[in-house]
2 protein chains.
Amino acid sequence: MQPRSGDAAGAEPGSREGLRNDLGWALGVVFRGYAKAASAAFADVPGGPRGYQVLAAATRSEPGSQQQLAHHLGVDRTVMTYLLDDLERAGLIERHPDPADRRARRIAPTERGRALLSGLDERLGAAEEQVLAGLSGPERESFRALLCQAAGHASTLDPGASACVLADGADKGGC
Amino acid sequence: MQPRSGDAAGAEPGSREGLRNDLGWALGVVFRGYAKAASAAFADVPGGPRGYQVLAAATRSEPGSQQQLAHHLGVDRTVMTYLLDDLERAGLIERHPDPADRRARRIAPTERGRALLSGLDERLGAAEEQVLAGLSGPERESFRALLCQAAGHASTLDPGASACVLADGADKGGC
DNA sequence: TATTGTTATACTCTATAACTATA
DNA sequence: TATAGTTATAGAGTATAACAATA
């Protein structure tokens with residue numbers, strides 16, 4: 001099996017151009033790898049990885065309205081409703097009407113939600129290590145920093161910028 | 001509008017832990033940004049960004065069988081069939097039976113496919129710049145290198161490794 | 001029997017539109 | 001009138017299973 005493709009045509013002279021393409025390929029590989037690892041790690045959490053993200057945002061920062069949080073996580077507001085339904089049904093978060101604007105709702109973690117979250121952080125760490133396994137310690141830090149820098153810039157371009165709302169006073173986006 | 005969330009609870013002391021989470025968030029932001037930009041750039045290409053990736057692989061490297069290419073791009077083999085159907089219908093690629101294994105098919109670009117591809121590369125460059133806008137020139141190169149390193153490692157872990165098949169003799173995965 | 005590619009089907013995820021309540 | 005959230009519906013994308021041809 002596996003015919004060992006070294007026999008056929010092979011790379012062409014113009015393969016330098018082909019390398020540029022690899023940003024998209026590499027981004028896809030890493031993203032899918034992370035999504036897969038995170039989904040496995042959070043299999044028992046309602047909503048999976050995004051359920052975790054919502055719980056973390058509700059616990060550790062000021063998530064704002066449902067819509068702001070949805071935008072921050074890159075999901076539709078209707079999806080956020082389903083996500084919060086599941087988390088609330090599981091007793092992990094609660095929706096409180098915002099006194100300032102009674103149309104909006106503020107998301108708060110329950111005691112159970114807070115307790116669960118601390119355990120989940122360890123699992124996330126393992127999943128991240130799996131994705132960054134090809135990098136050394138210093139390389140991982142560089143990669144994290146550059147990735148967050150790019151992401152912060154991209155998210156601030158978005159109108160109604162999400163990151164600014166979540167990270168009080170932090171000017172670097174979500175990082 | 002926009003109540004300026006600086007008034008409420010704010011970040012908690014334990015926000016250091018929250019930062020670890022941002023790898024997933026940043027990865028999502030950058031990936032979605034890239035996907036969006038690439039989809040817009042390749043709106044008229046059958047299959048969008050992945051149609052481009054297939055066309056590029058068929059033209060500039062040895063894509064192997066449909067299944068190998070599908071694995072490399074992280075899609076199901078059935079999806080690859082639909083993708084190739086569209087590209088073939090548009091006259092961009094052709095499927096030739098593999099003489100060595102007549103179950104398999106080798107994908108080859110048509111003249112029209114080759115001509116289209118060179119024009120698409122420019123569009124891709126613009127899309128990439130958009131995603132990396134938050135990074136300086138040297139930072140972009142570092143980011144590319146680290147990302148490809150991580151992706152290369154991740155894809156070689158996969159059994160039936162995809163990158164090795166595509167990159168003749170290249171030991172660094174697809175990069 | 002196992003594998004490549006295809007097809008048909010079912011499922012998941014996401015987006016669209018219509019509705020309630022507040023502003 | 002416009003907006004936050006909800007709900008129902010439709011759509012895109014994806015995976016599962018069964019099939020034909022070949023190994």
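These numbers come from the heavy atoms of this one structure, side chains and all, not from hydrogens, waters or symmetry mates. Numbered from 1 within each chain, the chains take letters A, B, ... in sequence-line order.
Between the P atom of D:dG5 and the NE2 atom of A:H96 lies a distance of 14 Å, rounded to the nearest Å. Regarding B:L83, its CG atom lies at a distance of 15 Å from the C1' atom of C:dT6, rounded to whole Å. Residue A:R106 contributes atom CZ, which lies 13 Å from atom C1' of D:dA4 at whole-angstrom precision. Between B:R103 atom CZ and C:dG5 atom P the separation is 9 Å, expressed in whole Å. If you measure from atom CG of A:L69 to atom C1' of D:dG5, you get 14 Å, rounded to the nearest angstrom. Taking atom CD of residue A:Q66 and atom P of nucleotide D:dA4, one finds them 11 Å apart after rounding to whole Å. Residue B:D98 contributes atom CG, which lies 12 Å from atom C1' of D:dA23 at whole-angstrom precision. The distance from atom CG of A:L84 to atom P of D:dT6 is 7 Å, rounded to the nearest whole Å.
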Protein and nucleotides 12-16 of chain C: nitrogen or oxygen contacts under 3.5 angstrom:
from: C:dT14; atom 1: OP1; to: A:R50; atom 2: NH1; distance (Å): 3.4
from: C:dT14; atom 1: OP2; to: A:R50; atom 2: NH2; distance (Å): 2.8

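Comparing B:A100 and A:R95, the nucleotide of DNA chain D nearest to each residue sits closer to the 5' end for A:R95. The nearest heavy atom of DNA chain D to A:D85 and to A:A104 marks one nucleotide each, and the one closer to the 5' end goes with A:A104.
The side chain of A:Q67 contributes an N or O atom lying less than 4.0 Å from OP1 or OP2 of D:dA4. Within the 4.0 Å cut-off from OP1 or OP2 of C:dG5, not a single side-chain nitrogen or oxygen of B:T81 is found. Side-chain N/O atoms of B:R105 include one lying less than 4.0 angstrom from OP1 or OP2 on C:dT6. Residue B:R102 has a polar side-chain atom (N or O) positioned under 4.0 Å from OP1 or OP2 of D:dT22. Contact annotation: A:Q68 does not reach the phosphate of D:dA4 (side-chain N/O to OP1 or OP2, under 4.0 Å).
The backbone N or O of A:L132 sits less than 3.5 Å from a side-chain atom of A:R140, completing a donor-acceptor pair. Looking at A:W25, its side chain never comes within 3.5 Å of a backbone N or O of B:A151 through a donor-acceptor pair. Side-chain N or O atoms of B:T59 include none that pairs as donor or acceptor with a backbone N or O of B:A56 at under 3.5 Å.
Minimum interatomic distance between A:V45 and A:Y52 (heavy atoms only, all atoms of both residues): CG1-N, 4.2 Å.
Residue contacts for B:R77: at a heavy-atom cut-off of 4.0 Å it reaches a base atom on one of the strands shown.
Evaluated for a side chain to side chain donor-acceptor pair (under 3.5 Å) with B:D98, the options B:R103, B:R106, B:R105 yield exactly one hit, B:R106.
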Please lay out, stage by stage, how A:D44 and A:R123 fare under the test side-chain contact (heavy atoms from CB on, under 4.5 Å). CA-CA 12 Å; A:D44 59 336; A:R123 298 196 221 165; 2.9 Å; yes
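Between B:L116 atom CG and B:E111 atom CD the span is 12.5 Å, to the nearest 0.5 Å.
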